[in-house]
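Presented below is the structure to which this report refers.
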Number of protein chains: 2
Amino acid sequence: MSKQRGSLPEVVAACCPPLAVAPLTGEQATNLAPMFKALGDPVRLRLMSLIASTDEICVCDLTDAFDLSGPTISHHLRVLREAGLVDAERRATWVWYRARPQALKQLAGLLDVATPAAV
Amino acid sequence: MSKQRGSLPEVVAACCPPLAVAPLTGEQATNLAPMFKALGDPVRLRLMSLIASTDEICVCDLTDAFDLSGPTISHHLRVLREAGLVDAERRATWVWYRARPQALKQLAGLLDVATPAAV
DNA sequence: GATCTGATTCGATAATTGTCAAGGCAGAGA
DNA sequence: TCTCTGCCTTGACAATTATCGAATCAGATC
């Protein structure tokens, strides 16, 4: 799977100029909002940070990091998955999660303000 | 008001390293999530883009851009305001909104992935 | 096959949220 | 002062969502 990591890459990545540069159309906003929404929950934001700050991480380790039930963590991971922010891969007994750098980069690009070097 | 733009600024701005660098604590996630949540609605994301892509913009212009009632727009603007993403100022009859670049920058920094130039 | 462990799905419930209609407040002008 | 306009607040309601327990599924091991 590490081979075909190019499933939905650049297409999404090259969506829109930064918010500070041009307003979004309704459609663009509708497409992008779910990603922000996925990060808009403290549990998911922390899950995302745990996933993004390692190469890959097992669900068991993620579950241990919270005082929440397995199904609840699973639910939040699904939201992150469906938003396109993370990828999941089952390997033997465990499921491993990893971040989608392109997605994060896209969001970062949207929020970009007055890139110092670009001036 | 443009003078005392220092109401809740730098404190928030210097929060955390990028998600991809270090995981967030529960408290950090709790503080940051509301900003993402505020952007997690298509209407608000588009509002934010309209506000951020101009110097300042009147509520009347924002309302005109949507097929939504005044109170609904007002509600969304309040969410953006309370998340610290925008500032509002009443001038005569109209209320003007402007973006808080620091807030956007903070979020962009959080999502920053492997800054090419930093390698 | 039987069983055990890790993770997801299902079903239910309480809490949050997006939306609007109605009402209220602030400033401008008659 | 009265009225008009622009915006916000309140109250209500439908829809969404966060959470958990129970059930189910996927592999591994016996």
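Because the structure is a prediction, the values reported are computed rather than measured. The chains referred to below are lettered A, B, ... by the order of the sequence lines, with proteins before strands, and numbering in each begins at 1.
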Does [X] reach the side chain of [Y], with side-chain heavy atoms less than 4.5 Å apart?
X	Y	answer
A:Leu77	A:Val86	no
B:Asn31	B:Cys15	no
A:Tyr97	A:Leu50	no
A:Arg44	A:Leu39	no
B:Leu107	B:Leu85	yes

Below 3.5 Å is the cut-off: list the nitrogen or oxygen pairs between protein and nucleotides 27-30 of chain C, distance only.
none

Hey, is the side chain of A:Lys37 poking within less than 4.0 Å of OP1 or OP2 on D:dT17, counting only N and O atoms?
->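 Yes.
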
Is the phosphate of D:dC8, meaning OP1 or OP2, less than 4.0 Å from a side-chain N or O of B:Tyr97?
->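 True: B:Tyr97 side-chain N/O within range (under 4.0 Å) of D:dC8 OP1/OP2.
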
How far apart are the closest heavy atoms of [X] and [Y], and which atoms are they?
X	Y	result
A:Gly84	A:Arg100	O-CD, 2.6 Å
A:Leu104	A:Ala52	CD1-CB, 4.3 Å
B:Ala99	B:Met48	CB-CE, 3.8 Å
B:Cys58	B:Trp96	N-CE3, 3.4 Å
A:Pro17	A:Leu110	O-CD2, 3.6 Å

CD of A:Glu89 versus C1' of C:dA7: gap in Å, rounded?
->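 Rounded to the whole Å, the gap is 15 Å.
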
Atom-to-atom span, CZ of A:Arg91 to P of D:dA26 - whole angstrom |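 For the pair A:Arg91 CZ and D:dA26 P, the rounded distance is 19 Å.
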
Of all of residues 62-82 of chain B, which get a heavy atom below 4.0 angstrom from DNA chain D, listed by number?
->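 Correct list: B:Pro71, B:Ser74, B:Arg78.
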
A:Leu19 reachable from B:Val79 in the ILVMFWY side-chain graph, under 4.5 Å edges |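 Hydrophobic grouping puts B:Val79 apart from A:Leu19.
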
Minimum-distance nucleotide to A:Trp94 side chain [options: D:dT19, C:dA7, C:dT17] =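 Out of D:dT19, C:dA7, C:dT17, the nucleotide with an atom closest to A:Trp94's side chain is C:dA7.
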
Give, ordered by number, those residues of residues 47-56 of chain A having at least one heavy-atom distance below 4.0 Å to an atom of DNA chain C; if nothing qualifies, reply none.
->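 The stretch gives none, as no residue of it lies under 4.0 Å from the strand.
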
